[in-house]
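Please read the structure below before turning to the comments.
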Amino acid sequence: MTALLKNKVQLFYVYDPMCSWCWGYRPTWLALQNALKATLPDIEISYLLGGLAPDSEQPMSQDMQQFIETTWQKIARQLNTQFNFDFWQQNQARRSTYPACRACLLARESNKELEMIFSIQQAYYLQAKNPSDNSLLITLASQIGLQKSVFSEQLSAPLTQQKLMTEIDKAHALPIQGFPSLVLTINDQNHAIPIDYQQWQHSFDTIKQILQC
């Protein structure tokens, strides 16, 4: 045990549930977490919502649709990540991720944030469903065991939005470079951790070096 680990050490994972690079990073992130829990269990792993796109009922522009679809194709080639490209034909896409962010925030209060993230990602990227729609998020919440009526009421509540904006401000105050981002915090001192989408060991080694392990 190092002297640093006797202090408060947190690893923040800053994400958006509708971020395609977060979906691509998922297997590597899970492997990194497992390695940290096995060797550096005193590090507290915390999730922070970064918020890609505010609420909107406007259809996504063709340019933005093409950009995102091209990004999916790039991730699929580089990381062998699965995507269901039928999404673009079967949905009226909107540039709106805050609803999904609020859903994750509410799920966190019941210790189901990770389940909600994965449910949203599966629905979006594999099942060609639209997590910008509250109706889908309410269905997913029910499927992971959250009380449907309570979740539905809280999803659009001003207090939930206020909590989300507070968290987004906190995330953006950290030294992040988009989503996903990793930040190691030691007694309020922040260290940006480089992300390798295919090799968890690189981030792991950087964390160990900072902690002088």
Side-chain angles (χ1 to χ4, degrees), residues 12-26 29 46-76 79 81-109 113-141 151-152 154-183 195 197:
F12 288 102
Y13 174 69
V14 186
Y15 77 100
D16 186 293
M18 293 179 66
C19 162
S20 50
W21 283 106
C22 294
W23 172 235
Y25 184 55
R26 176 180 167 81
W29 170 229
S46 301
Y47 283 67
L48 277 180
L49 288 151
L52 269 175
D55 296 279
S56 175
E57 295 299 325
Q58 297 300 315
M60 188 183 296
S61 70
Q62 288 297 319
D63 286 347
M64 180 59 72
Q65 289 188 46
Q66 182 60 47
F67 172 77
I68 296 176
E69 187 172 358
T70 299
T71 300
W72 289 14
Q73 293 167 349
K74 179 180 179 180
I75 297 169
L79 305 180
T81 305
Q82 283 188 289
F83 291 92
N84 187 340
F85 290 92
D86 290 342
F87 174 85
W88 302 104
Q89 285 72 48
Q90 297 178 4
N91 295 274
Q92 178 63 74
R94 307 194 309 281
R95 184 66 170 161
S96 181
T97 73
Y98 279 19
C101 290
R102 288 193 293 270
C104 292
L105 199 62
L106 291 172
R108 182 189 300 165
E109 295 176 359
E113 182 177 11
L114 304 189
E115 292 177 60
M116 179 60 81
I117 295 170
F118 192 40
S119 294
I120 290 171
Q121 290 173 329
Q122 286 183 305
Y124 187 24
Y125 297 116
L126 302 182
Q127 300 164 10
K129 297 179 181 178
N130 193 350
S132 296
D133 295 337
N134 282 353
S135 58
L136 173 63
L137 298 171
I138 292 167
T139 298
L140 297 178
F151 180 89
S152 178
Q154 293 180 338
L155 185 60
S156 300
L159 179 59
T160 305
Q161 175 64 7
Q162 180 182 339
K163 290 179 179 178
L164 174 61
M165 297 312 298
T166 298
E167 180 148 329
I168 289 174
D169 288 343
K170 180 179 179 179
H172 284 261
L174 296 174
I176 65 173
Q177 299 291 329
F179 312 124
S181 281
L182 293 174
V183 178
I195 283 179
Y197 284 88

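With hydrogens and angles ignored, the 3.5 Å screen pairs a side-chain donor or acceptor of Thr97 with a backbone N or O of Leu52. Checked by atom type and distance alone, the side chain of Ser56 never pairs as donor or acceptor with a backbone atom of Ser96 at under 3.5 Å. At least one donor-acceptor pair closer than 3.5 Å links the side chain of Asn91 to the backbone N or O of Ala128. Put simply, the side chain of Arg94 gets close to the backbone of Ser132: a donor and an acceptor are under 3.5 Å apart. Between the side chain of Arg95 and the main chain of Met60, no donor-acceptor pair closer than 3.5 Å is present. No donor-acceptor distance shorter than 3.5 angstrom exists from the side chain of Tyr98 to the backbone of Gly51, with no hydrogens or angles considered.
Counted within 6.0 Å of CD on Gln177, heavy atoms from surrounding residues, nucleotides or ligands total 12 or fewer; the atom is thus considered open. In the displayed structure, Gln82 atom CD is contacted under 6.0 Å by at most 12 heavy atoms of other residues, nucleotides or ligands.
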*Let me see the working for Cys104 and Tyr15 under side chain to side chain contact (heavy atoms under 4.5 Å, CB included), right down to the final yes or no.*
CA-CA 11 Å; Cys104 292; Tyr15 77 100; 3.4 Å; yes
*Working for side chain to side chain contact (heavy atoms under 4.5 Å, CB included), residues Phe118 and Trp23*: CA-CA 9 Å; Phe118 192 40; Trp23 172 235; 3.9 Å; yes
*Go through the steps for Lys170 and Phe12 under the test side chain to side chain contact (heavy atoms under 4.5 Å, CB included), then give the verdict.*
CA-CA 11 Å; Lys170 180 179 179 179; Phe12 288 102; 4.3 Å; yes
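In this structure, the ring of Tyr124 has its center less than 6.0 angstrom from the ring center of Trp72.
For the pair Pro99 and Leu155, the minimum side-chain heavy-atom distance is 4.5 Å or more. Side-chain contact between Pro17 and Phe179 is absent, with no heavy atoms from C-beta onward closer than 4.5 Å. Contact of the Trp88 side chain with the Gln66 side chain is not registered, since no non-hydrogen atoms from C-beta on lie closer than 4.5 Å. In this structure the side chain of Phe85 reaches within 4.5 angstrom of the side chain of Glu69, judged on heavy atoms. Using a 4.5 Å cut-off on side-chain heavy atoms (C-beta onward), Lys163 and Arg108 make no contact.
Ring geometry for Tyr13 versus Tyr25: interplanar angle under 30°, hence parallel rather than tilted (30 to 60°).
Put simply, CG on Asp133 and CD on Gln92 are 10.0 Å apart, with the number rounded to the nearest 0.5 Å. Taken from CG in Asn134 to OG in Ser152, the straight-line distance is 7.5 Å, to the nearest 0.5 Å. Of the inter-residue distances, the one linking Gln154 atom CD with Gln161 atom CD reads 14.0 Å to the nearest 0.5 angstrom. We find the CG-CD distance between Asn84 and Gln127 to be 9.0 Å, quoted to the nearest 0.5 Å. Going from atom CD1 of Ile176 over to atom CG of Leu174 covers 7.0 Å, rounded to the nearest 0.5 Å. In this structure, the separation between CD1 on Ile75 and SG on Cys22 is 9.0 Å, given to the nearest 0.5 Å.
Thr166 and Gln162 form no side-chain donor-acceptor contact under 3.5 Å, judged by distance and modelled atom types alone.
For the residue pair Phe151 and Leu137, the shortest heavy atom distance occurs at CE2-O, 3.6 Å. Across all their heavy atoms, Leu105 and Thr160 have their closest contact at CD2-O, 3.9 Å. Closest non-hydrogen pair, Phe87 versus Asn130, comes out as CE1-CA, 3.8 Å. Shortest non-hydrogen contact noted between Leu164 and Cys101 is CD1-CB, 3.7 Å. Residue Ala100 comes nearest to Ile120 through the heavy atom pair O-CD1, 3.8 Å, listed as atom of the first residue, atom of the second, then distance. The minimum heavy-atom distance between Gly24 and Thr81, with the atom names listed, is CA-OG1, 3.5 Å.
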